[in-house]
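Here is the structure we will look at, set down as structure tokens.
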2 protein chains.
Amino acid sequence: MKDLGPEMEIVHLLRAATVELGLHSARFAHDNGMHATDVRALICLMDARRDGTEMTAGRLGGLLGLNSAGTTAVVDRLERLGHARRVRDGRDRRRVLVEVEKRAVELGQAFFGPLIGRSVELLRGYDERELAAIRGFLTGVREAASGAASGAEPDG
Amino acid sequence: MKDLGPEMEIVHLLRAATVELGLHSARFAHDNGMHATDVRALICLMDARRDGTEMTAGRLGGLLGLNSAGTTAVVDRLERLGHARRVRDGRDRRRVLVEVEKRAVELGQAFFGPLIGRSVELLRGYDERELAAIRGFLTGVREAASGAASGAEPDG
DNA sequence: CTCTATTATCTCGCTGAACGAGATACTCAC
DNA sequence: GTGAGTATCTCGTTCAGCGAGATAATAGAG
């Protein structure tokens with residue numbers, strides 16, 4: 001049962017890389033007086049900003065798997081640290097939009113930029129077929145982990 | 001600054017896969033009345049078992065980044081759930097060896113087995129050059145995340 | 001063998017993230 | 001403007017993890 005073949009080396013490598021990426025985030029969190037949840041929240045906020053979506057408190061909580069009380073607390077912490085701000089939605093004044101501060105974006109880029117840059121640099125060293133393999137493997141793992149059907153056929 | 005090129009798609013894919021793997025672990029934890037730390041502890045215990053190393057309470061705490069009080073609490077929880085047991089070391093009776101219970105190993109295999117199996121299955125679809133690319137990328141990312149020198153130059 | 005320094009683990013009291021329940025503020029349909 | 005519905009916040013509680021210090025065992029000096 002231990003040995004599913006030489007492929008296991010790569011499976012362990014993926015796990016090791018995942019752990020290391022988690023520790024990297026934890027370091028960023030710790031260095032800036034935050035917790036894992038706060039970093040995940042910041043990432044959600046930046047993702048939303050990137051594709052021009054509005055992020056409400058409720059939606060953020062849903063993404064993070066928190067209840068409303070926990071969501072309020074996260075936003076409180078980010079606001080206290082100056083990483084985000086609450087803005088009442090003009091159209092529906094029950095809603096609170098959460099916007100990431102420029103300062104936090106810069107902080108994140110300073111910390112994660114080198115890692116991203118290095119990854120891109122690595123990827124530039126591969127040809128199209130190799131890139132397709134990496135893409136395919138990561139996509140497959142993501143689907144398998146998300147519980148998606150084990151459909152072996154490549155999606156269109 | 002936003003667009004480092006088409007390689008960014010894969011960087012985001014890696015992040016998505018990492019998030020999904022984390023959620024998968026969280027689901028396992030939740031389903032079995034555990035927390036993220038407990039699962040990480042179990043993984044450490046299984047890794048130790050796999051390569052025949054003894055795991056002491058102290059070493060486990062070190063791996064998890066916990067202090068002694070927190071470590072005691074983790075082992076207490078695992079023991080209460082029947083996933084691990086304390087065994088006094090015969091040679092140095094100050095030390096407590098923590099051993100994973102067979103039940104927990106089986107539980108883990110039942111939950112993570114399909115994911116691992118699917119990953120291996122995916123990998124079997126690639127030839128040696130593609131596998132080398134996947135290996136190389138994951139290795140590089142892990143090194144970059146662990147803070148290893150960002151040197152593009154291969155260390156002689 | 002006894003005394004002391006060191007090491008490994010556990011106990012106690014505390015802080016703070018996240019929860020459940022319910023209060024508050026706003027919108028929409030009538 | 002009254003009532004149903006929705007979004008967020010407040011209050012009190014639970015529990016993981018921390019710091020400090022207690023307890024127990026080993027190792028070395030005499």
Side-chain angles (χ1 to χ4, degrees), chain A residues 22-23 25-45 48 53-81 83-99, chain B residues 22-23 25-45 48 53-81 83-99:
Chain A
L23 290 174
S25 272
R27 222 170 296 135
F28 175 68
H30 182 80
D31 291 356
N32 294 284
M34 292 190 279
H35 296 261
T37 299
D38 307 74
V39 176
R40 276 192 288 149
L42 274 183
I43 290 172
C44 290
L45 291 176
T53 322
E54 283 179 341
M55 180 63 82
T56 66
R59 206 159 85 81
L60 180 62
L63 289 169
L64 297 173
L66 297 179
N67 72 2
S68 63
T71 304
T72 296
V74 172
V75 180
D76 281 352
R77 291 196 298 272
L78 291 181
E79 210 168 33
R80 197 179 315 131
L81 288 167
H83 292 329
R85 65 176 168 280
R86 286 177 164 89
V87 180
R88 276 283 169 195
D89 186 337
R91 278 153 304 189
D92 182 343
R93 291 180 49 74
R94 286 169 304 181
R95 302 203 306 170
V96 166
L97 304 179
V98 186
E99 292 176 5
Chain B
L23 289 175
S25 272
R27 225 170 292 136
F28 174 69
H30 182 81
D31 291 356
N32 293 284
M34 292 191 280
H35 296 261
T37 299
D38 307 73
V39 177
R40 275 191 290 150
L42 275 182
I43 291 172
C44 290
L45 292 175
T53 322
E54 283 178 342
M55 179 63 82
T56 66
R59 207 159 84 81
L60 179 62
L63 288 170
L64 297 173
L66 296 179
N67 72 1
S68 62
T71 304
T72 296
V74 172
V75 180
D76 280 353
R77 290 196 298 273
L78 291 181
E79 210 166 33
R80 197 179 315 131
L81 288 168
H83 293 327
R85 63 175 168 281
R86 286 178 165 90
V87 181
R88 274 284 167 195
D89 186 336
R91 279 154 303 188
D92 183 343
R93 292 181 48 74
R94 286 168 304 182
R95 302 202 308 170
V96 166
L97 304 179
V98 185
E99 292 176 4

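First the proteins, then the strands, lettered A, B, ... as listed; each starts at 1.
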Rounded to whole angstrom units, what separation is found between the [atom1] atom of [X] and the [atom2] atom of [N]?
X	N	atom1	atom2	result
B:D92	C:dT7	CG	C1'	8 Å
B:R88	C:dA8	CZ	C1'	8 Å
A:R77	C:dA17	CZ	C1'	6 Å

Item to complete: Please report the shortest heavy-atom distance between B:A29 and B:A36, naming the atom on each side.
Response: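 Closest approach of B:A29 to B:A36: CB-N, 4.4 Å.
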
Worksheet entry | Toward the 5' end of DNA chain C, by each residue's nearest nucleotide, A:G70 or B:R95 |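 By nearest-heavy-atom nucleotide position, the 5'-most residue is B:R95.
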
Worksheet item: Under the salt bridge (charged side-chain N to carboxylate O under 4.0 Å, His left out) test, which residues partner A:R94, sequence neighbours left out?
Response: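 In terms of salt bridge (charged side-chain N to carboxylate O under 4.0 Å, His left out), with neighbours along the sequence ignored, A:R94 is linked to A:D92.
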
Item to complete: Please identify each residue that fulfils salt bridge (charged side-chain N to carboxylate O under 4.0 Å, His left out) with A:R27, with sequence neighbours left out.
Response: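 A:R27: no salt bridge (charged side-chain N to carboxylate O under 4.0 Å, His left out) contacts found.
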
Worksheet item: Using a heavy-atom cut-off of 4.0 Å to chain A, what are the terminal contacting nucleotides of DNA chain D, in 5' to 3' order?
Response: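 First and last nucleotides in contact are D:dG5 to D:dC11.
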
Discussion item. As a check on the pairing definition, encode DNA chain C in dot-bracket form, counting Watson-Crick and G-U wobble pairs whose two distances are under 3.5 Å, and using | for partners outside this strand.
Written reply: ||||||||||||||||||||||||||||||

My understanding is that only residues two or more places apart in sequence, or in another chain, count here; which of them pass side chain to side chain donor-acceptor pair (under 3.5 Å) with [X]?
X	result
A:N67	none
A:R91	A:E54
B:R95	B:D89
B:R93	none

Worksheet item: How would you list, by chain and number, every residue that makes a side chain to side chain contact (heavy atoms under 4.5 Å, CB included) with B:L66, sequence neighbours excluded?
Response: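 B:L66 satisfies side chain to side chain contact (heavy atoms under 4.5 Å, CB included) with B:T37, B:L64, B:T71, B:V74 once adjacent residues are dropped.
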
Fill in: Contacts of B:A73 that satisfy side chain to side chain contact (heavy atoms under 4.5 Å, CB included) - sequence neighbours left out
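For B:A73 the side chain to side chain contact (heavy atoms under 4.5 Å, CB included) partners, ignoring immediate neighbours, are B:R77.
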
Worksheet item: Could you give the distance from CG (B:D38) to NE2 (B:H83), rounded to the nearest 0.5 Å?
Response: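 That separation rounds to 8.5 Å.
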
Discussion item. Return the CD1 to CZ distance between A:I43 and A:F28, rounded to the nearest 0.5 Å.
Written reply: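 These two atoms lie 8.0 Å from each other.
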
Fill in: pair B:M34-B:L78: side-chain heavy atoms closer than 4.5 Å
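They are in side-chain contact.
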
Fill in: Within-4.5 Å side-chain heavy-atom neighbours: A:R88 and A:V96
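Side chain of A:R88 against side chain of A:V96, heavy atoms only: contact under 4.5 Å found.
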
Discussion item. Between C:dT9 and B:R94, counting only base atoms on the nucleotide and side-chain atoms on the residue, is there a donor-acceptor pair under 3.5 Å?
Written reply: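 No pair found.
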
Worksheet item: For residues 29-40 of chain A, which residues have at least one heavy atom under 4.0 Å from DNA chain D?
Response: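 Contacting residues: none.
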
Worksheet item: Listed in order of residue number, which residues of residues 53-69 of chain A have a non-hydrogen atom at under 4.0 Å from DNA chain D?
Response: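 Contacting residues: A:T56, A:A57, A:G58, A:S68, A:A69.
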
